Number of protein chains: 2
Amino acid sequence: MKPKITLKKIAKQFEVSISTVSKALKDSHEIGTELKIKIKKFAAEHHYKPNSLAVRLQNQQTKTIGVVIPNIVHHFFSTVIQGIEEVTNQRGYNVMICLSNESFDKEVLNVEMLAHGSVDGMIVSLAKETQKKNDYNHFNDLLEDDFPLVMFDRINDKFACDKVIIDDVSGSINATNHLIEIGCKKIALITTPKHITVGTLRRRGYVKAIQDHGQEVDIDLIVEVDERESIKKQIEELFDTETFDGIFAVNEVYAITAMNIAREKGFKVPEDISVIGFTDGPLSKLALPPLTTVVQHGYSMGKKTAELLLNRIESKEEFKPQKVVLSTNLKIRKSTKSL
Amino acid sequence: MKPKITLKKIAKQFEVSISTVSKALKDSHEIGTELKIKIKKFAAEHHYKPNSLAVRLQNQQTKTIGVVIPNIVHHFFSTVIQGIEEVTNQRGYNVMICLSNESFDKEVLNVEMLAHGSVDGMIVSLAKETQKKNDYNHFNDLLEDDFPLVMFDRINDKFACDKVIIDDVSGSINATNHLIEIGCKKIALITTPKHITVGTLRRRGYVKAIQDHGQEVDIDLIVEVDERESIKKQIEELFDTETFDGIFAVNEVYAITAMNIAREKGFKVPEDISVIGFTDGPLSKLALPPLTTVVQHGYSMGKKTAELLLNRIESKEEFKPQKVVLSTNLKIRKSTKSL
DNA sequence: TTTTTTCACGAAAACGTTTGAGTAGATTTT
DNA sequence: AAAATCTACTCAAACGTTTTCGTGAAAAAA
């Protein structure tokens with residue numbers, strides 16, 4: 001690459017001082033019109049761009065925020081990123097994205113790297129491994145220094161930082177209630193192992209809805225899918241051992257896999273079995289039949305998260321951490337019977 | 001946030017010079033053991049982290065690369081990002097992601113912002129609007145200054161920069177050939193308008209395969225989907241006006257929409273109509289039947305793109321732009337008849 | 001004892017920018 | 001003619017770091 005042109009080089013060219021050049025390019029009234037024109041012309045011809053590192057060092061801010069997420073090849077997370085990007089860009093910040101790939105070690109590395117001063121603030125959604133390990137020491141220094149930090153979706157309540165989550169419990173209650181309302185008598189739950197926060201919360205909603213209707217929760221109707229093994233096999237087992245007329249799955253993939261198995265086994269969806277998923281993505285719309293889902297507004301979540309962070313960064317007032325709970329809504333498609 | 005601790009503050013604390021502190025923290029032999037220990041302890045207690053802006057200003061590099069892509073809520077692009085992130089992270093760089101949202105104006109803004117010195121190099125995949133407008137002036141300065149730039153997938157051949165693309169033509173030839181081999185006599189093509197490069201290339205492959213088999217291309221069997229209107233309607237029209245026994249669609253969504261329409265119209269896939277899509281994503285695997293697709297290796301593409309960029313940034317040799325063409329392969333699932 | 005070496009640290013330039021204060025010289029005001 | 005103002009600049013500090021080149025004192029070698 002060609003050596004970058006600096007104020008110093010322009011100054012030498014015209015045998016003036018650096019400050020003269022700086023002011024000329026800023027169109028300061030302190031500089032003579034003729035000289036200003038000459039300098040500006042020269043700068044433009046040589047594609048002069050102020051070195052942003054130097055500018056930011058002066059201003060004592062990077063105008064960049066960091067985002068650490070477990071995965072980007074994921075409809076929900078990429079939607080959140082889009083929301084974050086929208087807000088930050090609009091307010092003059094850039095986004096640096098780091099992927100933990102659900103790994104604890106990589107999350108620690110990323111958080112530390114970002115904390116080492118490359119960003120003005122940080123947005124984090126925890127890796128599965130971190131949640132399982134329950135080790136959050138990599139956030140200690142940040143919290144002690146009051147470093148601007150916002151967590152979303154995969155959060156931990158013990159942190160004194162801003163948080164944005166969706167109302168998983170209510171969403172699940174609504175979904176389960178809907179299944180009950182359309183006449184389902186036995187509703188299966190396909191969820192994650194207990195260490196995944198969202199899985200646990202969605203399960204809680206499911207349990208609550210059933211108990212609120214005076215029914216008992218049947219443990220055998222609950223599958224905890226271990227993603228290290230075949231998802232399909234684990235769900236097939238449910239079909240082989242139990243009978244039911246409703247399924248609530250905590251994500252799209254489980255829901256659609258279940259629908260596909262149901263078909264293979266000769267059940268009709270929604271006539272024999274109604275299915276509801278959580279998280280509305282491209283899969284749901286194009287599934288056959290299109291899947292009824294609990295819509296999680298990733299884009300709004302990203303926007304809200306970014307807003308909290310930027311407000312935090314820019315405010316001088318004393319910090320009072322808040323937790324924002326975003327509500328979901330049920331998008332009824334064709335995988336559930338109509339009333 | 002608490003005021004950041006600096007070398008200067010530590011120096012004042014111990015009444016030594018800044019350089020002493022800097023060296024002590026680097027465990028230099030020049031500094032006495034006792035003092036080193038005291039300084040390190042104090043620094044650790046106060047969470048001292050070198051200000052990365054200052055360090056990078058010294059080193060004259062940001063150790064960050066920029067990526068401008070049209071969309072992140074998209075399986076292919078997010079996979080590429082993952083590949084990019086993998087390589088750059090491993091080599092000590094960070095990734096700054098900018099979204100053009102397929103908009104020309106936003107692409108220009110992003111490219112200029114990144115060029116203004118926040119990154120050591122840039123990776124770009126062009127916005128649809130840019131390709132349609134055919135206006136690439138925002139890259140002029142970069143190219144003139146030999147700024148490290150790599151383009152992938154949505155590229156323009158007239159740029160003298162590194163490029164990474166997949167072999168769309170061969171992929172499409174393979175897909176079409178496969179349809180012909182399993183006995184399809186009339187093959188429909190569902191593609192994009194002509195200004196989308198990949199659509200045009202895939203169409204070229206389709207045409208070539210058909211002509212190579214001594215057949216004529218039937219223009220009426222080709223649909224150019226305009227995404228501003230209903231995708232489903234436009235494909236339904238094809239079903240209403242033509243008959244065929246094979247479909248080659250240039251992406252997953254078109255392919256699955258076509259499969260769904262076929263079902264609705266009473267055709268069986270693959271018995272009556274075989275369908276092949278391009279780009280292997282989560283939709284294909286979970287579709288019913290699972291979709292046969294041309295697999296585009298997004299992850300490898302991201303890795304290759306990042307490697308080219310970093311090599312370019314770090315090399316001192318004269319630059320010779322290269323174009324890397326990645327091949328695809330056909331993943332045969334259940335949406336095509338077997339031989 | 002004199003010279004050399006080692007030790008432990010400081011001074012200062014450099015990276016590229018911004019900005020308030022300072023200053024000659026010319027022009028205007030009183 | 002003296003004082004005030006204006007014009008068009010320059011100086012220098014500051015942001016936080018790294019690194020080369022001193023340097024005075026103590027220790028070791030001659």
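Here is the naming used below: chain letters follow the sequence lines, and residue numbers restart at 1 for every chain. Owing to the predicted nature of the structure, the values given are computational and were not obtained by experimental measurement.
- Note: CD1 (Ile5(A)) to C1' (dC15(C)) measures 16 Å, nearest angstrom.
- Residue Leu57(B) contributes atom CG, which lies 12 Å from atom P of dT17(D) at whole-angstrom precision.
- Between Glu85(B) and Lys106(A), at least one side-chain N (NZ, or NE/NH1/NH2) sits under 4.0 Å from a carboxylate O, which counts as a salt bridge.
- Asp145(A) and Lys4(B) are not joined by a salt bridge, as no carboxylate oxygen comes within less than 4.0 angstrom of a charged side-chain nitrogen.
- For dC15(D), neither phosphate oxygen OP1 nor OP2 lies less than 4.0 angstrom from any side-chain nitrogen or oxygen of Gln61(A).
- Between Phe14(B) and Phe42(B), the ring center distance clears the sub-6.0 Å criterion.
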Between protein and nucleotides 19-22 of chain C, what N or O pairs are separated by less than 3.5 Å?
from, atom 1, to, atom 2, distance (Å)
dG20(C), O6, Lys23(A), NZ, 2.8
dA21(C), N6, Lys23(A), NZ, 3.4

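- Comment: Glu314(A) engages Arg91(A) in a salt bridge, judged by a side-chain N to carboxylate O separation of less than 4.0 angstrom.
- Each of Gln60(B) and Val16(B) was matched to the nucleotide of DNA chain C holding its nearest heavy atom; the match closer to the 5' end belongs to Val16(B).
- Spacing between atom NZ of Lys8(B) and atom P of dA12(C) amounts to 15 Å, rounded to whole angstrom units.
- At whole-Å resolution of the value, CG in Leu53(B) and C1' in dT18(C) are 15 Å apart.
- A salt bridge is defined here as a Lys NZ or Arg NE, NH1 or NH2 lying under 4.0 Å from an Asp or Glu carboxylate O, and Lys41(A) with Glu45(A) meets this definition.
- One finds a salt bridge joining Asp27(A) and Lys36(A) here, because a Lys/Arg side-chain nitrogen approaches an Asp/Glu carboxylate oxygen to under 4.0 Å.
- No contact: Phe14(A) has no heavy atom under 4.0 Å from any strand.
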